[in-house]
Amino acid sequence: MPSTDKSEETAVTESEPAGNGRRRDDGSKDDRAKEDRYDAQRIEAKWYERWKQTPELYAAEPHTAKKKFYVLEMLPYPSGALHMGHVRNYSIGDALARYMWMNGFNVLHPMGWDSFGLPAENAAIQNNTPPRQWTLGNIAKMKAQMKRLGFAYDWSREVTTCLPDYYRWNQWFFLKLYEMGLAYRKKSLVNWCPLCATVLANEQVVNGRCWRHEDTVVEQRELEQWFLRITKYADELLRDLDRLEGWPEKVRTMQRNWIGRSEGALVDFKLDYGEHHKGFGPAGSTITVFTTRIDTIFGATSIQLAPQHPIVGDLAAGNPDLRAKVDQLIAEQRKAKEQGDIGEIEKHGVPTGRYAINPFNGEKIPVWVANYILMDYGTGAIMSVPAHDERDYEFAKKYNLEIRIVILPIVESEETMTEPKLPFTTHDGMTINSGQFSGLATADALQKMAQYAEERGFGKATVTYRLKDWGISRQRYWGTPIPMLYCQKDGIVPVPEKDLPVILPEHVEITLTGGSPLGRVPEFVNATCPKCGGPARRETDTMDTFVDSSWYFYRYTDAHNDRAPFDSKIAQYWFGDRGIDQYIGGVEHAILHLIYSRFWTKFMRDMGLVSNDEPVERLFTQGMVIKDGAKMSKSLGNVVSPDEMVARYGADAARLYSLFAAPPDRDLDWQDSGIEGVQRFLGRVFRFVARNADKTQAGAAALGGPARSAPARQVQRKLHQTIKRVTDDFKGRWHFNTCVSAIMELVNVLYSEEEAIAKDADSAPFLAYVQRNLVLLLAPFAPYLAHELWEMLGETELLLKAPWPEYDAELAKEEELQIPVQVNGKLRSIIVVPADSGEQFVVERALADDKVKAAISGKQVVKKIYVPGKLLNIVVK
RNA sequence: GCGAAAGUGGCGGAAUUGGCAGACGCACCAGACUUAGGAUCUGGCGGGUAAAACCGUGGGGGUUCGAGUCCCCCCUUUCGCACCA
């Protein structure tokens, strides 16, 4: 995923696990202490080696009778090193994958590299390293980090987007898009980031700034570019958001806003050139306005045009004074956009001196040009209705334009009718002064007036979107070459499918000036037209890297297919009807990646490649990892390196802490002392099992309890309560921080009852049972330690496939209850009663309690409220 | 300006449905074990008090036997949207 993280990536330090020979820093001479010491480095080195030997452990099975589960974390951009955000993201996904494995699912849990992109080119310029080399080197480093962290990925399906076996399918898709009329080339004003030295998609511009360079204002340039017709799916993209119940509401809202659907009408106003213009100019020219309030058209008292509107150009052609004023308006608008506060622009406008005719009443109204009208929304022209629109009202007040009321609040009778406070913008009013349309309710008027305009041929109901087509041309080197040719004779010619891939040449000089680097590679540029055999010029722009990530998760299902991007049947198995079961990543992709991916899936469905309408059924957006209240960044010096954490505390501790420190959907404030606590906890678990493993026999474990003594029963209760808490969280709200707390509590109880249980005659099978379950509970969160302990317990079954413990409500039930007793809502005492006590008994015991007696003495008991098993409240007066 | 989420000890955070506020962890304090401890184990730890009472979940009202949780008003923070006609 292209990182939206603006902080610079830290340099890598390779973190191969330290082996057994690692020097102990405690210098202990005590052999016994050595045995009991939780040595994360030793344990993790051992399992790291074993897992390296058995990569098939995490391989998804092909089509089986098992239920499938596709869990996916957003793939990283190979910047050089993982950061804590990655660790958190992948720890969540890995815990879920392991949990699902243990629940008997056929789990697909893949990983790959979103490896095209600008940083590789910047690195090339700075260090004179070819992008390919830099990128592949980074991938190797980060892959090693992931393995060291113990994430259970099916590496046999690894996808690397910068390699030809992947990007050839980008090109193949592009040809399909072109065939289907979904890819087209057009000249238009586009966003240009001077630092990236390339065009950006609208989605990559934030408040007029580049998404990667937030200090850099994006320029507008007129360029010919390739676009993907995402707008064809605007309505479906919007509609299907309602179905995505497994997505955070926040993300759905952001996408709704981005698509920006708006129902309204187009209305043609004929320009009136006046008597003396007869026979001159573009007589009969019309201005088409877009309005969502056609019901207010009788209140229109001017037309406002965007300063870039073509008619403004015509009108200003012979009018230097107007031209100058319009240029001023353009400058003001641009400045506001660059400052990101177009919303607060000081409204200015100039009259053109011309008039337009309102087709509803034949009225002549003045045509103005105004700086608050945007050329890229609607038609770039509006009818101004000051009485019923805030902006128009403000503008009319400023320039003394007529304000005419045509909407009134709906009232019971004419006597109660009052003048509305202006601007009166309700959608729930009634028309007046609107000719034959007077007296209609707003909704009715909207519909009837649009219909009228359509019948008379000067307008129609329409829908407008803010969403624009996706500009994918990039004037950069490190991306997928767009497989198109330009022939003098045949024009635009697609590269034939059989000639794919168009290979990205390797030894290319990269600069940030002078246009697309590929344009300077004659061997690349010069080609032959497949139609006429004559000379042709190759397209030298590359594709936006968001193309790569729009469909990569389908490739995982069939990663080595060399005849198609993937096999439809295989993809259908993993995607089902509703897509990836669980997708996990940062909220920064709420619009970019996640809207492009949805578009791509719909396009692939329409070409018959997939049958699902949506790529992702459930989406989880995790919070950021921050430190000292601020986002980690090099400049603040608060970056925590995963390598350092792994070296100091171990991968299990780093992972467990990233789950424990906060609920996963909230920001996590990293504290080094916090990870120490988690490491201590892992040590407590280790030592408990180290002391008790040999007292138990493997095999006895499977028999389970039964717990006979009181201490054993208490541990058993706690165990089952813990199973419930952890299982419920996986199924529901994903508060893994409380799962970890629950397991910590269980271990605390084990410690306090350990001695007492040791005295039981049948302690061995019971301890085996408890420890086995403890390890199973820990397995999704701290896999290294869990595997080590599993082995210490003599288990031979694969831990990953061992069944998840089952909760037994009977065993979890408390034998005694502590009932808080309140007097008038204030806690006065806590009484202990047998679990099966009835109300009468509880009340009796409460009234016999000294503290309760003291609190009610001399008062009269009015009422007793008993919440069974929970609480007793005695009301006195 | 509009919309959403959040505000709880010194800190990270619990309290899933209106029912013991502060689970779990960190930090801190004390004790044990020790030549030693940055290891480990045990205990304490919201404020207040000798102990109680009492006060405490951003502030102010309300509903209720009972409110962190529900309702009304306000404040702060974060995020999203913002002349989109």
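To find a chain, count down the sequence lines: A is the first, B the second, and so on, and within it residues start at 1.
Taking a 4.0 Å limit (strictly below) on heavy-atom distances, residues 870-877 of chain A reaches RNA chain B at A:K870, A:L871, A:N873, A:V875. Annotation: proximity of residues 288-305 of chain A to RNA chain B (heavy atom, distance under 4.0 Å) is found for A:F290, A:T291, A:T292, numbered in ascending order.
For A:V861, the side-chain contact (heavy atoms from CB on, under 4.5 Å) partners two or more places apart in sequence, or in a different chain, are A:I856, A:K864, A:I874, A:V876. Residues satisfying the side-chain hydrogen bond (donor to acceptor under 3.5 Å, both in side chains) test with A:E332, not counting sequence neighbours, are A:Q328, A:H348, A:N371. Scanning for ring pair (Phe, Tyr, Trp, His ring centres under 6.0 Å) contacts around A:F660 gives an empty result, with sequence neighbours left out. In this structure A:P711 satisfies the side-chain contact (heavy atoms from CB on, under 4.5 Å) test together with A:S709, A:E753, A:A756, A:I757, sequence neighbours excluded. By the ring pair (Phe, Tyr, Trp, His ring centres under 6.0 Å) test, A:W368 pairs with A:F395, A:Y399, sequence neighbours left out. Under the ring pair (Phe, Tyr, Trp, His ring centres under 6.0 Å) criterion, A:Y657 pairs with A:W670, sequence neighbours left out.
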* For RNA chain B, the dot-bracket pattern of Watson-Crick and G-U pairs whose distances stay under 3.5 Å, | for other-strand partners -> (((((((..(((......[....))).(((((.......))))).((......))..(((((..]....))))))))))))....

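Listed nucleotides: B:C41, B:A85, B:G12. Nearest to the side chain of A:Y377: B:A85. With B:U42, B:C54, B:A21 as the choices, the nucleotide that has an atom nearest any side-chain atom of A:R828 turns out to be B:C54.
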Please list every donor-acceptor pair under 3.5 Å in which a side-chain atom of residues 736-745 of chain A meets a protein atom from a residue at least two apart or in another chain.
unit_1	atom_1	unit_2	atom_2	d
A:T738	OG1	A:D729	OD2	3.2
A:T738	OG1	A:H735	O	2.8
A:S741	OG	A:N737	O	2.9
A:E745	OE1	A:K718	NZ	2.9
A:E745	OE2	A:R725	NH1	3.4

Are there any protein N/O atoms within less than 3.5 Å of an N/O atom in nucleotides 79-81 of chain B, and if so, which ones and at what distance?
unit_1	atom_1	unit_2	atom_2	d
B:C79	O2'	A:K250	NZ	2.3
B:C81	O3'	A:R466	NH1	3.4

Dump every N/O contact between nucleotides 22-28 of chain B and the protein below 3.5 Å, one line per pair.
unit_1	atom_1	unit_2	atom_2	d
B:A23	O2'	A:E745	OE2	3.0
B:A23	N1	A:S741	OG	3.4
B:G25	OP1	A:N748	ND2	3.2
B:C26	OP1	A:R680	NE	2.9
B:C26	OP1	A:R680	NH2	2.9
B:C26	O2'	A:S673	OG	2.7
B:A27	OP2	A:R680	NH2	3.1

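A:I373 comes within 4.0 angstrom of a nucleotide base, judged by non-hydrogen atoms across all strands.
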